[in-house]
Amino acid sequence: MTRLAAALDQFRALDSLAARDTALTRRDARAKLLVTLLFLVLVQSCGRWQWAPLLLLAPFALALVLQSGLPARLLARALLLALPLVLLAAAP
């Protein structure tokens, strides 16, 4: 399979995931945007080496992931792609 065909297949898979009817997709887009911005502000307001506030925010992020119904493999792939950037940002 060519790289273009693989990318198109992945795009179709993401499109079918977006079209599903879940509790998270039924929520108002403005509310989701506001909650996301609030979450990002809260994460950014934590100090560099303060893990306790981040651990308090982790259940919220986990609940959203579970509510979205995303396949674990797709989520793991996206997190692995972002991991080098996170590690670079966390480097002293």
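Just the heavy atoms: all of them, side chains too, but no hydrogens, waters or symmetry mates, feed the values below.
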Do you know the tightest heavy-atom contact between [X] and [Y]?
X: A13; Y: S16; result: O-OG, 2.8 Å
X: L81; Y: P84; result: O-CD, 3.4 Å
X: C46; Y: L54; result: SG-CD2, 3.9 Å
X: T36; Y: K32; result: OG1-O, 2.7 Å

* Asked: Is it true that V43 and L37 fall in one hydrophobic cluster, defined by side-chain heavy atoms closer than 4.5 Å?
  -> no
* Do you reckon L14 sits in the same ILVMFWY cluster as F11, going by side-chain contacts under 4.5 Å, direct or chained? -> no
To the nearest 0.5 Å, how far apart are [atom1] in [X] and [atom2] in [Y]?
X: L66; Y: L24; atom1: CG; atom2: CG; result: 11.0 Å
X: Q67; Y: T25; atom1: CD; atom2: OG1; result: 10.0 Å
X: L56; Y: L42; atom1: CG; atom2: CG; result: 10.5 Å
X: L57; Y: L62; atom1: CG; atom2: CG; result: 12.5 Å

* Determine, for D9 against R12, whether the closest basic-nitrogen to carboxylate-oxygen distance falls under 4.0 angstrom. => yes
* Asked: Under 3.5 Å, side chain of R77 to main-chain N/O of A72, donor-acceptor pair present?
  -> no
Would you say [X] and [Y] make side-chain contact, with heavy atoms under 4.5 Å?
X: F39; Y: L64; answer: no
X: L70; Y: V65; answer: no
X: P71; Y: L17; answer: yes

* **Within 6.0 Å of CZ in R73, more than 12 heavy atoms from elsewhere** => no
